[in-house]
Amino acid sequence: MKHKEMMYMTPLPVRIWHWLNAFGIVTLCITGIQIRFPDYINIFGAYKAAIRLHNTAGVVVSISYMLWLVYYLIVARSLIKLYVPTVKDLTSGIFRQAYFYFLAYFVGQPNPHHSTPESKFNPMQKAAYLVIMFILLPLVIASGVLLMYVAPLRELLMLLGGIKILVGTHFLLACCFTAFLFVHIYLATLGHTPLAHFKPMWNGWEEETVEDDAPEKTTEITKPEIGISSTEKQG
Ligand code: HEM
């Protein structure tokens with residue numbers, strides 16, 4: 001027998017970070033298109049207006065990234081546990097999950113990964129979020145800061161290969177984010193209902209199906225934004 005259980009999956013600081021970040025990245029992509037192709041695309045009127053908005057969104061994304069880092073690293077101390085795939089994740093879990101997304105999902109088989117607050121992400125999510133949050137986001141922020149302060153950071157810029165290399169890298173990173181956005185939003189709709197994964201990103205709570213006869217296991221339900229941590233037994 002199975003029963004439904006509500007789990008507190010996404011603490012408030014993570015939700016604030018996520019939506020600031022999502023709004024910022026979408027704004028950066030749209031304004032970036034106008035800045036890159038000003039002769040063909042004009043969404044925000046003057047070219048300067050697009051640059052101002054792009055720079056502001058860049059600052060919002062950079063500050064919210066610090067919020068994410070400080071929260072997971074210092075407050076929750078769960079960054080490594082949640083985001084870094086284990087050897088088992090890389091050798092078998094990732095393939096099992098890919099099989100689910102590409103085939104099993106379409107014939108109604110269940111998701112092989114069951115989220116808990118201590119293991120929120122399946123192996124594919126871990127790998128994707130690790131690359132996005134530890135490599136691509138820091139790189140796009142760093143290249144953006146260099147482009148915002150070309151004159152004062154000129155020497156560092158020359159050391160890195162010059163402005164053309166930097167602009168090209170920044171553009172390629174932006175393409176990666178655009179591609180990620182489409183895949184990320186599509187995969188997020190593959191819960192037991194299309195909105196099942198969106199709800200915890202909005203109010204923190206997710207409904208999970210749990211086996212009645214599963215071995216007794218302890219799920220920690222934490223509310224770090226108010227500093228309370230309680231432990232609830234399941235099974
Ligand atoms: C309109 C844009 C976006 C939407 C609608 C969206 C939606 C979602 C949803 C529903 C989740 C929860 C399910 C899951 O973990 O997959 C999620 C989690 C996540 N998203 Fe997004 N997302 C957007 C943009 C972004 C962007 C731009 C990034 C990174 C640059 C991002 C990074 C993440 C990460 C790292 C998580 C896991 C957060 C955590 O629980 O620690 N998302 N997103």
Side-chain angles (χ1 to χ4, degrees), residues 7-32 54 57-85 89 94 97-98 100-101 105 111 113-144 170 172-208 220-225:
M7 290 190 188
Y8 189 64
M9 300 294 270
T10 317
L12 186 61
V14 177
R15 283 178 272 150
I16 294 174
W17 156 74
H18 183 268
W19 293 120
L20 275 178
N21 179 68
F23 186 67
I25 296 272
V26 170
T27 309
L28 283 169
C29 290
I30 299 172
T31 48
H54 194 78
V59 171
V60 169
V61 166
S62 309
I63 293 173
S64 69
Y65 182 70
M66 296 313 290
L67 172 71
W68 174 85
L69 204 59
V70 166
Y71 173 75
Y72 270 126
L73 215 56
I74 298 170
V75 182
R77 298 188 184 190
S78 54
L79 190 66
I80 309 288
K81 195 168 79 178
L82 289 182
Y83 278 80
V84 179
D89 284 336
I94 216 162
Q97 197 62 40
F100 168 73
Y101 281 139
Y105 172 79
N111 192 329
H113 178 79
H114 297 284
S115 298
T116 65
E118 302 83 30
S119 169
K120 266 203 287 193
F121 308 134
N122 67 50
M124 268 179 79
Q125 280 175 311
K126 279 191 201 173
Y129 292 159
L130 186 80
V131 173
I132 290 285
M133 299 307 294
F134 289 78
I135 301 173
L136 299 187
L137 205 48
L139 276 181
V140 85
I141 291 173
S143 55
H170 196 68
L172 280 180
L173 289 165
C175 294
C176 294
F177 276 101
T178 311
F180 165 76
L181 264 179
F182 285 102
V183 178
H184 179 56
I185 295 171
Y186 165 65
L187 292 182
T189 63
L190 303 188
H192 63 276
T193 68
L195 288 182
H197 294 321
F198 286 83
K199 284 182 190 155
M201 223 0 128
W202 184 250
N203 64 15
W205 294 88
E206 178 155 5
E207 193 182 69
E208 280 289 328
E220 190 157 283
I221 296 181
T222 47
K223 289 207 169 186
E225 72 268 26

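In listed order, ligands and their atoms are each counted from 1.
- Numbered from 1 in the order shown, with element, the atoms of ligand 1 that lie under 4.0 Å from a heavy atom of Gln125 read 14 (C), 15 (O), 16 (O).
- Which parts of ligand 1 touch Trp17 is read off a 4.0 Å heavy-atom cut-off, strictly below it: atoms 32 (C), 33 (C), 34 (C), 35 (C), 38 (C).
- Relative orientation of the Tyr83 and Tyr72 rings is perpendicular, given thresholds of 30° and 60° on the angle between their planes.
- Not a single N or O atom of Thr10, backbone or side chain, sits closer than 3.5 Å to an N or O atom of ligand 1.
- There is a side-chain donor-acceptor pair under 3.5 Å between Asn122 and Tyr101.
- Panel note: side chain Ser119, backbone Thr116; no donor-acceptor pair is recorded below 3.5 Å.
- Annotation for ligand 1: atoms under 4.0 Å from non-hydrogen atoms of Asn21 are 26 (C), 27 (C), 28 (C), 29 (C), 30 (C).
- Counting just the N/O/S atoms of His184, the one with the shortest distance to atom 21 (Fe) of ligand 1 is named NE2.
- Heavy atoms of Trp19 come nearer than 4.0 angstrom to ligand 1 in at least one pair.
- Atoms of ligand 1 found under 4.0 Å from any heavy atom of Leu181, numbered from 1 in the order shown, are 2 (C), 24 (C), 27 (C).
- Ligand 1 places these atoms under 4.0 Å from at least one heavy atom of Ile25: 27 (C).
- The CD1 atom of Ile94 sits 11.0 Å away from atom CD of Gln125, with the distance rounded to the nearest 0.5 Å.
- Under 4.0 angstrom from ligand 1, there are no non-hydrogen atoms of Leu136.
- Looking at Met9 against ligand 1, nothing comes within 4.0 Å, counting heavy atoms.
- The closest non-hydrogen atom to atom 39 (C) of ligand 1, taken over Phe180, Phe182, Phe121, comes from Phe121.
- At distances below 3.5 Å, not a single donor-acceptor pair connects side-chain atoms of Arg15 with backbone N or O atoms of Met201.
- Between the side chain of Tyr65 and the backbone N or O of Met133, at least one donor-acceptor pair lies under 3.5 Å.
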Check step by step if ring pair (Phe, Tyr, Trp, His ring centres under 6.0 Å) holds for His18 and Phe23.
CA-CA 8 Å; His18 183 268; Phe23 186 67; over 10 Å; no
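- By the criterion of a heavy-atom distance under 4.0 Å, both the backbone and the side chain of His197 are placed next to ligand 1.
- Within ligand 1, counting atoms from 1 as listed, the ones closer than 4.0 Å to a heavy atom of Ile132 are 29 (C), 30 (C).
- Ring geometry for Phe177 versus Phe180: interplanar angle over 60°, hence perpendicular rather than tilted (30 to 60°).
- Near Ala188, meaning under 4.0 Å from one of its heavy atoms, ligand 1 places the atoms 10 (C).
- In this structure, a donor-acceptor pair under 3.5 Å is present between the side chains of Gln97 and Asn111.
- Those atoms of ligand 1 with a heavy atom of Tyr72 less than 4.0 angstrom away are 39 (C), 40 (O), 41 (O).
- Taking 4.0 Å as the cut-off, Phe23 does not count as a neighbour of ligand 1 on heavy-atom distance.
- Using a 4.0 Å cut-off between heavy atoms, Tyr129 contacts ligand 1 through its side chain alone, with no backbone atom that close.
- A donor-acceptor pair shorter than 3.5 Å can be found between the side chains of His197 and Glu206.
- By the criterion of a heavy-atom distance under 4.0 Å, neither the backbone nor the side chain of Tyr71 is placed next to ligand 1.
- Atom CZ of Phe134 has more than 12 heavy atoms from other residues, nucleotides or ligands within 6.0 Å.
- Nearest protein heavy-atom contact of atom 33 (C) of ligand 1 is His18 CD2, 3.5 Å.
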